[in-house]
Q: 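What follows is a structure written as structure tokens; I'll ask about it next.
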Amino acid sequence: MYGDDRLRTLTLVNATTSFALGLLNTLWALYLLRALAMSATAFGVVLGLGALGAAAGALAAPALARRYGPGPTMMAALAITPLTQLALLVASPGLRWQFAIGAALFLQLACAGAAGTTQRSIRQIITIAGMQARMQAVSTWLTSGARPVAALLAGGLGTWIGVRATLTAGTCLLLVPLVTLACSPLRALRQMPDPPPAPPGTAAAPVQSPPAHQRSGPTVPGPARTEVARHDRSLGGDTT
């Protein structure tokens, strides 16, 4: 990972996005149910829309990457994600705002699904086969480990400065992965990169024929055996 700037950038983008969303998601339920007086049914519908958005983004990611390029696809997704928080920050109680928040969450998780699927595809392509497990383990450790830290920070900030102010801070944190990717050459990647060359000494060994006693099928006599048979016939021998 440290030897490839692309892997380092994608891992940082993934980890910072997970941290910011972990902070925001910790306070979402509290803010919607208490400050905006959203009913339990409406809250469940909003969460369901978010799940549909994540699935839609993941399914659309390959087509978007082919048409616009992996770099622009990730840049657009990371740029839209902070904007989807605005509906939550300016919302007030009411059915109209509930629809707006549901649509915003759908779009937010669709962007997260598209960006996540694209960056994981790039990581798997540019990582050599012998390092795939280590690369995935490091990425999972960073992203999963960031969430409990973000939740703890969200609780402390929510108590100290208030829930709305903490959500605003979390929205600003969503700019960090965007800036990280914008400072990398990956932002202009127009097609999936080529896989790295195979390391020396990993060429396949030549296929060897099995020994004669392990082969299936009838054994064809060689030239020496044919000459012996002809010699027996010339002497009047019986070859049956």
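These figures come from a predicted structure and were not determined experimentally.
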Q: Any side-chain heavy atom of Ile161 within less than 4.5 Å of one from Thr166?
A: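 With C-beta onward as the side chain, the pair touches.
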Q: Does Leu24 belong to the same Ile/Leu/Val/Met/Phe/Trp/Tyr cluster as Trp160, with side-chain heavy atoms less than 4.5 Å apart forming each link?
A: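 No, separate clusters.
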Q: Taking Arg147 for the side chain and Phe19 for the main chain, is one N or O donor matched with an acceptor at less than 3.5 Å?
A: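 No: the side chain of Arg147 does not pair with the backbone of Phe19.
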Q: Evaluate whether atom CZ of Phe43 has more than 12 neighbouring non-hydrogen atoms of other residues, nucleotides or ligands under 6.0 angstrom away.
A: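 Atom CZ in Phe43 is crowded, with more than 12 foreign heavy atoms closer than 6.0 Å.
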Q: So, Thr117 side chain and Gly113 main chain: donor-acceptor pair closer than 3.5 Å or not?
A: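 A pair under 3.5 Å: yes.
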Q: For a quick test of reading the model, state the closest non-hydrogen atom pair linking Pro177 to Leu78 and the distance between them.
A: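 Result for this residue pair: O-CD1, 3.8 Å.
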Q: Taking Ser184 for its side chain and Thr180 for its backbone only, find out whether a donor-acceptor pair lies under 3.5 Å.
A: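 Such a contact is absent between Ser184 side chain and Thr180 backbone.
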Q: Look up atom CG in Leu109 and atom CG in Leu52, then write down how far apart they are to the nearest 0.5 Å.
A: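 One gets 10.0 Å once the value is rounded to the nearest 0.5 Å.
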Q: Would you give the length of the straight line joining atom CE of Met192 to atom CD1 of Ile126, rounded to the nearest 0.5 angstrom?
A: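 Rounded to the nearest 0.5 Å, the CE-CD1 separation comes to 10.5 Å.
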Q: Do any N or O atoms from the side chain of Ser144 and from the backbone of Trp141 form a donor-acceptor pair under 3.5 angstrom?
A: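 Absent.
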Q: Determine the minimum heavy-atom distance between Leu33 and Ser39, stating which atoms define it.
A: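 Scanning both residues completely, I find the closest heavy atoms to be CD2-O, 4.2 Å.
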Q: Which atom pair, heavy atoms only, marks the closest approach of Ala100 to Ala87?
A: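 Shortest heavy-atom contact: O-CB, 4.2 Å.
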Q: Can you find a pair of side-chain heavy atoms, one from Leu36 and one from Trp97, that are under 4.5 Å apart?
A: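 Result no, sub-4.5 Å side-chain heavy-atom pair not found.
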Q: Find the distance between CG (Leu173) and CG (Leu153) and round it off to the nearest 0.5 Å.
A: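 Output value for this atom pair is 8.0 Å.
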Q: Would you find a donor on one side and an acceptor on the other, under 3.5 Å apart, between the side chain of Thr26 and the backbone of Ala154?
A: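 Side chain of Thr26 to backbone of Ala154, a donor-acceptor pair under 3.5 Å: no, none is there.
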Q: Honestly curious: do Met38 and Leu27 fall in one hydrophobic cluster under the side-chain, below-4.5 Å linking rule?
A: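 Yes; tracing contacts between hydrophobic side chains, which count when under 4.5 Å, links both residues.
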Q: Hey, does Arg134 have a side-chain heavy atom less than 4.5 Å from the side chain of Thr127?
A: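 Not in contact.
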Q: Let me confirm one number: the CD-CG distance from Gln108 to Leu49, rounded to the nearest 0.5 Å.
A: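 It comes to 13.0 Å.
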Q: Can you see which heavy atom on Ala35 is nearest to which on Pro93, and at what distance?
A: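 Scanning both residues completely, I find the closest heavy atoms to be O-CG, 4.0 Å.
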Q: Does the side chain of Leu105 reach to within under 4.5 Å of the side chain of Trp28, using non-hydrogen atoms?
A: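 Touching, per the 4.5 Å side-chain cut-off.
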Q: For residues Arg123 and Gln119, is any side-chain donor paired with an opposing acceptor at under 3.5 Å?
A: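 Yes.
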Q: Restricting to non-hydrogen atoms, name the atom on Gln98 and the atom on Val46 that form the minimum distance, rounded to 0.1 Å.
A: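 So the two residues come closest at O-CG2, 4.2 Å.
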Q: Given a cutoff of under 4.5 Å between side-chain heavy atoms of I, L, V, M, F, W and Y, with clusters grown through shared members, what are the other residues clustered with Leu107?
A: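 Same cluster as Leu107: Ile80.
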Q: Under a 4.5 Å cut-off applied to non-hydrogen side-chain atoms, are Thr84 and Phe106 in contact?
A: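 A side-chain contact under 4.5 Å is absent here.
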Q: Please tell me whether Leu21 and Leu167 are part of a single hydrophobic cluster in this structure, the criterion being side-chain heavy atoms less than 4.5 Å apart.
A: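 Yes, Leu21 connects to Leu167 through the hydrophobic network.
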Q: Indicate yes or no: at least one non-hydrogen side-chain atom of Leu189 is less than 4.5 angstrom from one of Ile122.
A: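 Yes, close enough: below the 4.5 Å cut-off.
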Q: Has Ser18 got a side-chain atom pairing as donor or acceptor with Asn14's backbone, closer than 3.5 angstrom?
A: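 Side chain of Ser18 to backbone of Asn14, a donor-acceptor pair under 3.5 Å: no, none is there.
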Q: Leu7 and Ile125: same hydrophobic cluster, using ILVMFWY side-chain contacts below 4.5 Å?
A: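 Yes, it is one cluster - the side chains of Leu7 and Ile125 are joined through contacts under 4.5 Å.
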Q: Between the side chain of Thr143 and the main-chain N/O of Thr140, is any donor-acceptor distance below 3.5 Å?
A: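 Checking the backbone N and O of Thr140 against the side chain of Thr143, a donor-acceptor pair under 3.5 Å is found.
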Q: Taking C-beta and beyond as the side chain, do Arg34 and Val163 meet within less than 4.5 Å on heavy atoms?
A: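 With C-beta onward as the side chain, the pair stays apart.
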Q: Roughly how far, to the nearest 0.5 Å, is the CG atom of Leu157 from the OG1 atom of Thr168?
A: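 Taking OG1 in Thr168 and CG in Leu157, the distance rounds to 11.5 Å.
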Q: Using every non-hydrogen atom in the two residues, find where Pro70 and Arg190 come nearest and quote the distance to one decimal.
A: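 Closest heavy-atom pair between Pro70 and Arg190: CD-C, 3.6 Å.
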Q: Kindly indicate whether the side chain of Arg8, heavy atoms from C-beta on, has any atom under 4.5 Å from the side chain of Thr11.
A: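 SC-SC contact between Arg8 and Thr11 ruled out.
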Q: Side chain to side chain contact (heavy atoms under 4.5 Å, CB included), that's the test. Do Leu88 and Thr171 meet it? Break it down for me.
A: CA-CA 10 Å; Leu88 178 67; Thr171 302; over 6 Å; no
Q: Under 4.5 Å between side-chain heavy atoms, counting indirect links through other Ile/Leu/Val/Met/Phe/Trp/Tyr residues: same cluster for Leu89 and Tyr31 or not?
A: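 The answer is yes; both residues are in one hydrophobic cluster.
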Q: How long is the gap from CD1 on Ile101 to CZ on Arg96, to the nearest 0.5 Å?
A: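 Ile101 atom CD1 to Arg96 atom CZ measures 11.5 Å (nearest 0.5 Å).
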